[in-house]
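Below is one structure, written out as structure tokens; the observations come after it.
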Amino acid sequence: MGIWILNAAVVTADNTQTTKHILVEGGIIEKIAEGAAPDTAGHTAIDAQGKLLTPGLIDMHVHLREPGFEHKETIATGTRSAARGGFTTIACMPNTRPVIDTVETVKYVLDKAETEGIVRVLPYGCITKNELGRELTDFDALKAAGVIGYTDDGVGVQSAQMMKDAMAKAASIGMPIIAHCEDNTLVEGAAVSEGEFARKNGLKGIPNESEAIHVGRDILLAEATGVHYHVCHVSTEQSVRLIRHAKQFGIKVTAEVCPHHLILSDEDIPGMDANWKMNPPLRTPRDVQACIEGLLDGTIDIVVTDHAPHSEEEKARGMALAPFGIVGFETAFPLLYTKFVATGQWTLQFLVDKMTKLPAEVFGLPWGKLEVGAAADLTLIDLETEKAVDPAEFASKGRNTPFTGWKLKGWPALTIMEGKVVWSE
Ligand SMILES: NC(=O)N[C@@H](CC(=O)O)C(=O)O
Ligand SMILES: [Zn+2]
Ligand SMILES: [Zn+2]
């Protein structure tokens, strides 16, 4: 017995919407029909009238916190949060405790995801042991165990030689390096960006160069080694410029941006509230504009959430002491839909591609497609109903968002992973 999804609006390559009926069976998309509703005898039927159907959303940068920080999130709660946000494939960062730098930790995460997770979890492995920047991990063994790339997310690889060695090794086995770009000598002790907010409050700021210096360095190292180099959470005008330039020269660089860096600047921070503290920090309006332009012209390839849950107690320590990070799964699509698509600045297809087809293409993954024979990873989205962001409703353990109370449209209504309904409103 399968599931017929009837009367769904599907957006096609030229951004037109057509009504389709889709039969999901045996974990794959079995049929796609148009015109009169088909006979659904022997199957479950879901009427999707008035809703958008997209491939399951893909998020290539998330923190699930397991093992070690289960008070912030677990694979069980994190994948439920992802499903509620419309995501069916998520790639998790290795800055857990212990970090994911051995075959055993990779297996631990994959086993947990299999038994307790409800969406597909793809782990990254660390570049360096313990993310300390001193010694490379065993790239071959981690690859064999199932990691999809290497990253020390949470911290930048400070040594250029270490990064070059990592890239050379990754290139030799056809794997990507995913980089959190941050030069530690420029950021010490700062919680927010160098900008209006820091000036007004007499705070030390995190300068744009702390990110862009690593982006520039790593682009040169990627050119020298031939690796696929992916830049995490781009937030500065300078980084966008460097990546654009590198792409013009045919260097194999790709990049991601988070919704908050496309929507908020440091001038929006209302006060010393750590729900506005994340790494990289909110930058100037000019940086926000550069990130938007970078996404539009293809310099930035994809959107990710950098879902980074922390407990209320941790965030209550205040701007200076609280950990960096905000949750992202359950607001990502509605935020971008409301801000950019509903206002006519982006096409719906552009947004959907940046969260489905393109992340799959960038990382060589088989998902993100709405076609017969593809995995039945599907998301139904209500584009009409307006609702305020209420962190109390989150499936995530994290409530740390700056978007509380924002009135948004574009809420996911139903998420199907490999033919199974994993979340329904
Ligand atoms: N983005 C954040 O502010 N925090 C992330 C780390 C990271 O993505 O660098 C976290 O693990 O909490
Ligand atoms: Zn990071
Ligand atoms: Zn991260």
Side-chain angles (χ1 to χ4, degrees), residues 59-74 78 81-82 90-100 109 121-128 130-131 133 148-158 163 177-184 187 190-193 206 210-212 214-215 218 229-236 239 255-262 264 266 269 273-283 302-315 317 319-329 332 359 396-402:
D59 189 345
M60 296 307 297
H61 186 145
V62 320
H63 298 268
L64 296 179
R65 306 299 190 204
E66 208 176 347
F69 299 106
E70 288 83 357
H71 66 287
K72 298 178 198 268
E73 194 80 289
T74 62
S81 175
I90 59 179
C92 66
M93 287 300 174
N95 62 337
T96 49
R97 188 179 61 204
V99 297
I100 307 175
V109 168
V121 174
L122 311 173
Y124 290 111
C126 297
I127 294 173
T128 67
N130 249 311
E131 296 202 355
I148 59 159
Y150 310 97
T151 177
D152 277 359
D153 186 46
V155 60
V157 174
Q158 300 303 304
M163 190 51 132
I177 291 287
I178 291 88
H180 170 111
C181 291
E182 184 176 14
D183 183 311
N184 289 347
V187 301
V192 296
S193 184
I206 300 172
S210 63
E211 172 180 291
H214 267 212
V215 173
D218 290 356
Y229 170 63
H230 180 81
V231 188
C232 285
H233 40 51
V234 170
S235 70
T236 69
S239 301
E256 61 184 41
V257 65
C258 308
H260 45 278
H261 292 125
L262 295 167
L264 301 174
D266 71 317
I269 305 175
D273 175 353
N275 284 325
W276 296 72
K277 177 178 181 180
M278 74 293 283
N279 194 3
L282 298 174
R283 307 281 188 180
I302 62 172
V303 170
V304 302
T305 67
D306 193 9
H307 178 77
H310 293 291
S311 70
E312 264 163 280
E313 182 273 315
E314 288 162 316
K315 280 298 191 181
R317 289 173 197 165
M319 201 58 129
L321 298 176
F324 289 91
I326 60 170
V327 290
F329 285 140
S396 171
K397 283 192 185 183
R399 303 281 183 265
N400 46 316
T401 175

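In listed order, ligands and their atoms are each counted from 1. Hydrogens, waters and symmetry mates play no part in the numbers below; they use all other heavy atoms, side chains included.
By the 4.5 Å heavy-atom criterion applied to side chains, Glu73 and Val62 are not counted as neighbours. For the pair Pro280 and Ile206, the minimum side-chain heavy-atom distance is 4.5 Å or more. In this structure, the side chains of Asp306 and Glu256 stay at 4.5 Å or more apart for every pair of heavy atoms. For the pair Leu64/Ile90, a side-chain contact is recorded, criterion being any heavy-atom separation below 4.5 Å from C-beta on.
In this model, a donor atom of one side chain and an acceptor atom of the other lie less than 3.5 Å apart for Asp153 and His63.
The atoms of ligand 1 that sit less than 4.0 Å from any heavy atom of His233 are 8 (O), 9 (O). Near His61, with a cut-off below 4.0 Å to any heavy atom, the atoms of ligand 1 are 8 (O). The ligand atoms of ligand 1 that sit less than 4.0 angstrom from a heavy atom of His310 are 12 (O). Shown in contact with Arg65 at under 4.0 Å from a heavy atom are these atoms of ligand 1, numbered in order with element: 10 (C), 11 (O), 12 (O). Remark: ligand 1 atoms within the under-4.0 Å shell around heavy atoms of Met278 are 3 (O). Listed by number with element, the atoms of ligand 1 under 4.0 angstrom from any heavy atom of Phe324 are 2 (C), 3 (O), 4 (N), 12 (O). Shown in contact with Gly154 at under 4.0 Å from a heavy atom are these atoms of ligand 1, numbered in order with element: 6 (C), 7 (C), 9 (O).
In this structure, the separation between CG on Asp152 and CD1 on Ile127 is 4.5 Å, given to the nearest 0.5 Å.
Counting heavy atoms closer than 4.0 Å to ligand 1, residue Val155 contributes nothing at all.
Taking the Zn ion (ligand 2) as reference, His233 places its N/O/S atom NE2 nearest.
Expressed to the nearest 10°, the angle at the Zn ion (ligand 2) joining OD1 in Asp153 with ND1 in His180 is 100°. Between His63 atom NE2 and Asp306 atom OD1, the angle centred on the Zn ion (ligand 3) amounts to 90° (nearest 10°).
The shortest N/O to N/O separation between Gly325 and ligand 1 falls below 3.5 Å.
For atom 8 (O) of ligand 1, the nearest protein heavy atom (residue, atom name, distance) is Asp153 OD2, 2.9 Å. Residue, atom and distance of the protein heavy atom nearest to atom 5 (C) of ligand 1 are His63 NE2, 3.6 Å.
Among all heavy-atom pairs drawn from Val157 and His214, the shortest one is O-CE1, 3.1 Å. The two atoms that bring Tyr124 and Pro94 nearest to each other are O-CB, 3.5 Å, heavy atoms only.
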- prompt: Please walk me through it: do Val231 and Glu211 pass side chain to side chain contact (heavy atoms under 4.5 Å, CB included)?
  reply: CA-CA 10 Å; Val231 188; Glu211 172 180 291; over 6 Å; no
